[in-house]
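Below, chains carry the letters A, B, ... as their sequence lines are ordered, and counting in each starts from 1.
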2 protein chains.
Amino acid sequence: MADVAERAGVSTSTVSRTLRGLSTVSPDVRARVEKAARELNFAVSRQAASLVTGRTGNVAVLVPTLDAWFMGAALSSLAPLLRAAGMELNVYVIPDLAERTSFFERLPARRNADALLVFSFDLTDEETARLDSLGIPVIYVSQHVEGRPSVYVDDVAGALHGTRHLLNLGHRRIAFLATQGASGFSFSSNERLLGYQQALTEAGVPLDDDLVTAVQVADRRGIAEALGTLLSLREPPTAIFAEQDEVAVASVRILRRTQIAVPERISVLGFDDQPLADWFDLSTVAQSAADIGREAGELALRLIEDSEDEHQRHVVLPTHVMPRATTAPVYRPQGEGEEGRG
Amino acid sequence: MADVAERAGVSTSTVSRTLRGLSTVSPDVRARVEKAARELNFAVSRQAASLVTGRTGNVAVLVPTLDAWFMGAALSSLAPLLRAAGMELNVYVIPDLAERTSFFERLPARRNADALLVFSFDLTDEETARLDSLGIPVIYVSQHVEGRPSVYVDDVAGALHGTRHLLNLGHRRIAFLATQGASGFSFSSNERLLGYQQALTEAGVPLDDDLVTAVQVADRRGIAEALGTLLSLREPPTAIFAEQDEVAVASVRILRRTQIAVPERISVLGFDDQPLADWFDLSTVAQSAADIGREAGELALRLIEDSEDEHQRHVVLPTHVMPRATTAPVYRPQGEGEEGRG
DNA sequence: ATGAAAGCGCTAACAA
DNA sequence: TTGTTAGCGCTTTCAT
């Protein structure tokens with residue numbers, strides 16, 4: 001910076017003012033400084049600046065992984081937004097328990113970011129409390145944490161509408177495939193189940209525990225077993241509502257492999273509308289990760305500006321039923337017999 | 001830090017030494033300092049430290065987007081590696097030309113990172129030169145830039161082996177679907193075409209320009225058109241080698257929709273082995289984004305340690321043919337007639 | 001509108 | 001082994 005100052009024939013204060021775009025610089029001086037800076041390929045050191053301003057210019061993001069569609073989509077929309085605000089994006093990936101423990105123990109984001117966005121974790125109360133001690137705004141994405149700023153979709157309404165779609169197609173035996181993570185059910189999972197139940201109740205269809213099963217996303221064998229159980233019920237389902245697109249697609253593949261036509265014989269509905277759903281022409285309940293990312297980013301920037309800003313700390317985004325090729329009116333056998341059972 | 005020093009009854013130098021794990025601290029003092037630091041919830045400010053050490057503790061990554069499988073997988077393996085080395089991961093997303101221009105103009109990574117990993121761009125010479133001026137190691141991932149450290153797979157060999165697989169199945173009319181990005185063909189694209197041609201030549205199969213077409217990844221209509229052209233050739237292909245899994249899967253869907261059985265009638269081979277390939281049981285040439293990410297990260301750390309380290313600046317990773325359900329021996333019509341033409 | 005000087009929180013000599 | 005001191009490169013009063 002001293003070099004630039006010298007070259008432009010001004011003081012470093014003036015260079016600083018110019019480069020930060022303060023209006024208290026005369027046009028000609030500004031021009032000279034900018035020219036000098038360009039010629040010297042000069043860029044302000046954030047480190048040095050942050051030392052005196054107390055702001056780092058970083059926004060940190062905590063994610064379980066980066067190869068889930070949700071993270072990719074959310075961060076892709078978040079990043080340009082931060083960039084436009086002159087912020088850097090810092091990513092912490094916590095793939096396993098060890099990394100997670102270490103993160104919450106050492107809190108590497110401390111003093112190193114102006115805000116933290118926490119993506120899709122089911123945090124314990126202790127962990128949440130620990131994050132409170134960071135001294136910066138913490139925004140929870142895809143989860144509601146009481147009293148803390150959060151951005152998420154209305155999972156209850158999403159599942160409610162999805163289930164209604166199936167009911168409207170004439171289905172009465174509708175199975176629900178919940179997804180169970182390593183650490184049990186997520187908040188979303190519970191909410192989606194709730195929406196499913198609400199829709200059934202509202203339609204006067206009795207709840208049947210046999211129709212609700214839990215599976216793990218990546219466990220294809222487990223999904224097959226779950227389907228097997230459903231298919232061998234006295235009254236098997238005519239429709240399956242999976243809480244996640246991956247499980248829905250896996251189900252479609254398993255059913256079709258067994259020559260059970262989807263959607264003619266059994267309808268399958270997913271939740272998320274990730275790219276995979278489109279590839280498989282899967283009917284699903286869509287949520288927009290891009291919107292979530294954007295809203296979270298904007299909320300973060302707002303809270304950095306004014307952490308006391310109590311205005312709209314919870315952002316709830318809508319979902320949309322996306323009808324595609326795996327849901328259809330309920331199967332009505334032409335003749336008699338057992339045809340009606342999937 | 002002063003607080004910690006006071007609480008532990010030592011100087012800030014000692015605190016600094018302790019917290020950096022230097023061995024020149026007596027055990028009891030170390031214990032006292034660590035206790036004080038823990039009690040005060042103290043964390044060293046990287047900003048202040050970097051100001052004096054000249055190192056930022058950041059590794060920057062430049063990516064076109066984050067929702068491509070490759071970035072997700074590569075970064076997911078890269079991140080823990082950096083974390084283990086005490087480095088932060090800084091992500092720059094450059095989705096469009098405007099952001100790209102702005103990035104290379106302002107070079108926000110300047111003075112803000114100790115190394116830069118450039119993912120899958122086809123940079124102009126000017127852009128590369130600009131990055132040289134950053135004054136930090138720049139590692140090119142999934143592309144070879146002459147004289148600069150790079151990590152990539154052997155695309156020529158990959159395509160060569162893939163094509164050989166098809167030749168070994170008896171195919172002689174093998175089409176190649178190249179992928180064209182917004183800015184023309186990528187380096188990989190050219191290399192893969194080359195491997196394809198080498199395999200044919202080595203097998204004595206004449207090259208036929210009619211069998212090589214360019215499409216755009218997301219343009220399903222364009223892919224359908226390309227397939228239409230191939231299917232209406234005098235001698236249509238019996239196998240299609242797509243340079244990217246997405247295009248291969250799109251092709252499979254289009255062919256099957258037209259009742260052209262894959263792989264019985266036409267074989268389809270992809271390249272990448274991204275998750276989508278597994279979902280569609282697509283035969284493909286596998287590359288490991290995770291390995292690439294890891295190698296790139298290790299190379300970066302090595303170059304940060306010693307930027308003069310000339311040792312193995314180019315890392316070339318292998319590919320593997322992954323046979324699944326979309327390649328099969330060439331179709332031999334039983335009787336006479338035109339059956340043989342797809 | 002501009003400059004001089006102080007100091008942000010840390011590390012790295014150097015001394016002890 | 002520990003403490004003292006002098007900056008690192010900026011921003012920010014406070015003068016002018």
With sequence neighbours excluded, residues passing ring-ring contact (aromatic ring centres under 6.0 Å, His included) with [X]:
X: Phe70(A); value: none
X: Phe104(B); value: none
X: Phe119(B); value: none

How is [X] classified with respect to the nucleic acid when contacts are heavy atoms under 4.0 Å: base, sugar-phosphate, or nothing?
X: Thr14(B); answer: sugar-phosphate
X: Arg46(A); answer: nothing
X: Thr24(A); answer: base
X: Arg20(A); answer: base

For the residue pair Ser16(A) and Ser13(A), confirm or rule out a side-chain donor-acceptor distance under 3.5 Å. no
Counting side-chain heavy atoms from C-beta on, which of [options] comes nearest to [X]?
X: Val29(B); options: dT11(C), dT2(D), dG9(D); answer: dT2(D)
X: Ser26(B); options: dT2(D), dA12(C), dG9(D); answer: dT2(D)
X: Val52(B); options: dG3(D), dC8(D), dC8(C); answer: dC8(D)
X: Val25(B); options: dT2(D), dT11(D), dC10(C); answer: dT2(D)
X: Ala49(B); options: dC10(D), dG9(C), dT11(C); answer: dT11(C)

So which protein N/O to nucleotides 13-16 of chain D N/O distances come out below 3.5 Å?
none

Check the pair Leu62(B) / Phe103(B) against side-chain contact (heavy atoms from CB on, under 4.5 Å), numbers first and verdict last. CA-CA 10 Å; Leu62(B) 181 63; Phe103(B) 178 89; 3.7 Å; yes
Could you tell me how far apart [X] ([atom1]) and [N] ([atom2]) are, to the nearest whole angstrom?
X: Glu6(B); N: dG9(C); atom1: CD; atom2: C1'; value: 16 Å
X: Gln47(B); N: dT11(C); atom1: CD; atom2: P; value: 12 Å
X: Leu51(B); N: dG7(D); atom1: CG; atom2: P; value: 14 Å

Name all residues meeting the salt bridge (charged side-chain N to carboxylate O under 4.0 Å, His left out) criterion together with Arg7(B); count only those two or more places apart in sequence or in a different chain, and write none if there are none. Glu39(B)
Under 4.0 Å between a side-chain N/O of Ser11(A) and OP1 or OP2 of dG3(C), yes or no? yes
Check this one for me: any side-chain N or O of Ser45(A) less than 4.0 Å away from OP1 or OP2 of dC10(D)? no
Which comes earlier along DNA chain C counting from the 5' end, the contact point of Asp28(A) or that of Val15(B), where each point is its nearest nucleotide? Asp28(A)
Check the surroundings of atom CG in Asp125(A): do more than 12 heavy atoms from other residues, nucleotides or ligands lie under 6.0 Å from it? no
Taking five pairs at each end, how big is the angle between the two axes of the helix from dA1(C)-dT16(D) to dA16(C)-dT1(D), to 10°? 30°
What class does the angle between the rings of Phe187(A) and His144(A) fall in, given that below 30° is parallel, 30 to 60° is tilted and above 60° is perpendicular? tilted
Quick one: are Asn90(B) and Asn58(A) in side-chain contact, heavy atoms under 4.5 Å? yes
